[in-house]
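Right, one structure below, let's go through it.
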Amino acid sequence: MTMNHYNIAVIGGDGTGPEVTREALKVAEAAAAKFGFNLSWQPYDIGGDRYLKTGEVLPDSVVAELRKFKAIFLGAVGHPQVKPGILEKGILLRLRFELEQYINLRPVKLYRAVDCPVKDKGPEHVDFVVVRENNEGIYTGAGGFVFKGTPHEVAIQESVNTRRGVERCLRYAFELTAKRRGGKPWKGLKPEDITAGKTSQLTLCGKTNVLTYAFDLWERAFHEVGAKYSSVKRDYAHVDATCMWFVKNPEWFDVIVTDNMFGDIITDLAAMIQGGLGVAAGGNINPEGTSMFEPMGGSAPKYTGQNVINPIAAINAGALMLEFLGETKAAAAIEAAVIQIINSKIQSLAAGKMGYSTSQVGDLVAAAL
Ligand code: IPM
Ligand code: MN
């Protein structure tokens, strides 16, 4: 029998990015050995240091090479000596857009009650997924200045919502929601939902009361696309109410779909109720092309090189990547190992307070597989 083999592009990036990447790859390799597939890594030297040395952010030739991979693993971008925006827009957003990674998938799952800052909420209350549209909205760069630098200057930043872009995002979200719990009814459903044949819920998070063009389109497309998914209960929440309920009643959510900016904001809040940026991972997904997996936490420059940063978000991003590649057993085993280590060993999920170093946490998870 031939073993499946995956060649993955790796951008360690800035700050603690390379440290957490090392642990994610270590754990993924241990899972590969256990579940019988092969991984190889193709490193790319992209990030703040390269930019400071050579002036290059992301050469076109690198983008062309990256297109050939099914997956990219990204540690972090963001460098204290580089003006904010250059690396974020020039690397992260450029790759998301040019590789048409139109979904940003962010699972939100609390593993241990003590890690949740919300009183009386435990793992049974925090277990949902955010599907963030990743190619449009206010992130496209559409807009500009008029009379820049004068007292009457105008800055316009437009939100782009195409029917095609919104629909493909919604379709992905409905497919994911329909399959999410293997057909077992989600416990947030009401008895009448279950009688009506619903097994899961997709919440559109928007602002239909104010953004009456953008979310009008989203809402119409939501119901049109959703009509084909009879097992998915369609739900709606304004983005401000969503923030309130993340704190008050996170158990009301199963899967959420939203636009680029709202998704950016609510997933930082969501990361806090799942235990912080030390665990939150995301996938930038192009189901037909090259996807990119990353911890949500950023480059955390003040912890660079100290071996104290929590690598679990990166390890979880590695699990998301393996799941995307079809290695579902390996992905599930990594998650189970992470839960076991968090519950039995790790004192706190915060950098420097884990009770173990970055590399020790990677070793512990790899050994628990
Ligand atoms: C994220 C980040 C990025 C975003 C930044 C770094 C451009 O905050 O992945 O959520 O806004 O999408
Ligand atoms: Mn963000």
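Start at 1 with the first residue, then count along the sequence.
A salt bridge is absent between E124 and K187; no separation between the charged side-chain nitrogens and carboxylate oxygens falls under 4.0 Å.
Both V232 and L170 sit in one connected hydrophobic cluster of ILVMFWY residues. Membership requires side-chain heavy atoms under 4.5 Å apart, directly or through other members. If you chain together hydrophobic residues whose side chains sit under 4.5 Å apart, I346 and V114 never meet in one group.
Across A71 and L325, no two heavy atoms sit closer than the pair CB-CD2, 4.4 Å. Looking at every heavy atom in both residues, I273 comes nearest to L110 through O-CD1, 3.8 Å. Residue P107 comes nearest to L320 through the heavy atom pair CG-CD2, 3.9 Å, listed as atom of the first residue, atom of the second, then distance. Listed here is the closest heavy atom pair of P295 and A317: N-CB, 3.9 Å.
Considering only residues two or more places apart in sequence or on other chains, E158 meets the side chain to side chain donor-acceptor pair (under 3.5 Å) condition with none of them. Residues forming a side chain to side chain donor-acceptor pair (under 3.5 Å) with D240 (at least two apart in sequence, or on another chain): K207. In this structure, the salt bridge (Lys or Arg N to Asp or Glu O under 4.0 Å) partners of R94, at least two apart in sequence or on a different chain, are D60, E98. Under the rule for a salt bridge (Lys or Arg N to Asp or Glu O under 4.0 Å), the partners of R163 that lie at least two apart in sequence or sit in another chain are E167, E224. Here E219 pairs with nothing under the salt bridge (Lys or Arg N to Asp or Glu O under 4.0 Å) rule; sequence neighbours left out. Applying the salt bridge (Lys or Arg N to Asp or Glu O under 4.0 Å) test to E23 and every residue at least two apart in sequence or in another chain returns K26.
Sequence neighbours left out, the pairs with a member in residues 324-347 that pass ring-ring contact (aromatic ring centres under 6.0 Å, His included) are F293-F324. Applying the ring-ring contact (aromatic ring centres under 6.0 Å, His included) definition to pairs two or more places apart or across chains, those involving residues 14-46 are Y6-F37. The list of ring-ring contact (aromatic ring centres under 6.0 Å, His included) pairs with a residue in residues 154-208, not counting sequence neighbours, reads F174-F222, F174-Y229. The stretch residues 274-298 participates, sequence neighbours left out, in these side-chain hydrogen bond (donor to acceptor under 3.5 Å, both in side chains) pairs: R96-N284, R96-E294, N104-N284, N134-N284, N284-E294.
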Please list every donor-acceptor pair under 3.5 Å in which a side-chain atom of residues 254-264 meets a protein atom from a residue at least two apart or in another chain.
| unit_1 | atom_1 | unit_2 | atom_2 | d |
| --- | --- | --- | --- | --- |
| D254 | OD1 | R180 | NE | 2.9 |
| D254 | OD1 | R181 | NE | 3.1 |
| D254 | OD1 | R181 | NH2 | 2.8 |
| D254 | OD2 | Q201 | N | 3.0 |
| T258 | OG1 | C205 | O | 2.8 |
| D259 | OD1 | M261 | N | 3.4 |
| D259 | OD1 | F262 | N | 2.9 |
| N260 | OD1 | R132 | NE | 2.8 |
| N260 | OD1 | R132 | NH2 | 2.8 |
| N260 | ND2 | E136 | O | 3.2 |
| D264 | OD2 | Y139 | OH | 2.5 |

Sequence neighbours excluded and cut-off under 3.5 Å, please list the side-chain donor-acceptor pairs for residues 72-80, or say none.
| unit_1 | atom_1 | unit_2 | atom_2 | d |
| --- | --- | --- | --- | --- |
| H79 | ND1 | Q81 | N | 3.1 |
| H79 | NE2 | D49 | OD1 | 3.0 |

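When side chains are defined from C-beta on, K109 counts as touching E335, because their heavy atoms get closer than 4.5 Å.
Between atom CZ of residue R220 and atom OG1 of residue T208 there is a gap of 12.5 Å, rounded to the nearest 0.5 Å.
Considering I46, I91, L87 in turn, L87 is the only one that fulfils the side-chain contact (heavy atoms from CB on, under 4.5 Å) rule with Y51.
In this structure, the side chain of T358 engages the main chain of V308 through a donor-acceptor pair within 3.5 Å.
Residue K345 places its NZ atom among 12 or fewer non-hydrogen atoms of other residues, nucleotides or ligands, all under 6.0 Å distant.
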